Amino acid sequence: MPITKSALKALRQDRRRAETNRPIRSRVKTTLDELKTAQSQTALSSAFSAIDRALKKNLIHRNKAARLKSKASKLISK
């Protein structure tokens, strides 16, 4: 456990941020899994939306977002 006051505050902030970010990351993973099973245009658009929201909140890097979207598009084009 942290000892100093600033370290305790940082721990509280990290936990709060992690709690806020968890559903967004989870939504990205869930929509990508749904896309793999359904492989429909609506699933693709919901996956793109989830990826873009995560990117907007800086949860994933822009290159990773581009990579995920490219991979998703290739699944649909097959």
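In this text the structure is predicted, and so the values were computed from the model without any measurement.
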Q.
Looking at E19, I want to see if its CD is surrounded by more than 12 non-hydrogen atoms of other residues, nucleotides or ligands under 6.0 Å.
A. no

Q.
Using side-chain heavy atoms (C-beta onward) and a distance below 4.5 Å, is L32 in contact with K71?
A. no

Q: Output all residues satisfying side-chain hydrogen bond (donor to acceptor under 3.5 Å, both in side chains) with T37, sequence neighbours left out; order by chain, then residue number.
A: none

Q) Sequence neighbours excluded, which residues qualify as side-chain hydrogen bond (donor to acceptor under 3.5 Å, both in side chains) partners of T20? A) none

(Q) Between S26 (side chain only) and R22 (backbone N and O only), is there a donor and an acceptor less than 3.5 Å apart? (A) no

Q: Using the test salt bridge (Lys or Arg N to Asp or Glu O under 4.0 Å), find all partners of K29 that sit at least two apart in sequence or belong to another chain.
A: none

Q. Rounded to the nearest 0.5 Å, what separation is found between the CZ atom of R67 and the NE2 atom of H61?
A. 10.0 Å

Q) Which pair of heavy atoms, one from I3 and one from L8, lies closest together, and at what distance? A) O-CD1, 4.3 Å

Q. What are the two closest heavy atoms between A47 and T31, and how far apart are they?
A. CA-OG1, 3.7 Å

Q: Over all heavy atoms of both residues, which pair between S40 and I76 is shortest? Give the atoms and the distance, please.
A: O-CD1, 3.6 Å

Q: Please name all residues satisfying side-chain hydrogen bond (donor to acceptor under 3.5 Å, both in side chains) with K64, sequence neighbours left out, ordered by chain then number.
A: none

Q | Hydrophobic cluster membership, L59 vs I51, 4.5 Å side-chain cutoff | A | no

(Q) Please give me the minimum heavy-atom distance between S46 and A43, naming the atom from each residue. (A) OG-O, 2.9 Å

**Q.** Single hit among L44, T42, T30 for side chain to side chain contact (heavy atoms under 4.5 Å, CB included) with L35
**A.** L44

Q | Taking every non-hydrogen atom, the tightest pair across A50 and V28 | A | O-CG2, 3.4 Å

Q) Is K5 close to K9 at the side-chain level, that is, under 4.5 Å between some pair of heavy atoms? A) no

Q. Looking only at heavy atoms, which two atoms of D52 and K69 are closest? And how far apart?
A. OD1-NZ, 2.9 Å

(Q) Could you tell me if the side chain of R27 sits less than 4.5 Å from the side chain of S49, heavy atoms only? (A) yes

Q: Sorted by first residue and then second, give each salt bridge (Lys or Arg N to Asp or Glu O under 4.0 Å) pair with at least one member in residues 40-51; sequence neighbours left out.
A: none

Q) Out of curiosity, N63 CG to L55 CG, how far, rounded to the nearest 0.5 Å? A) 10.0 Å

Q | Value rounded to 0.5 Å, distance of CG in N21 from CG in D14 | A | 10.5 Å

Q | Residues which pass side-chain hydrogen bond (donor to acceptor under 3.5 Å, both in side chains) with D33, listed by chain and number, not counting sequence neighbours | A | none

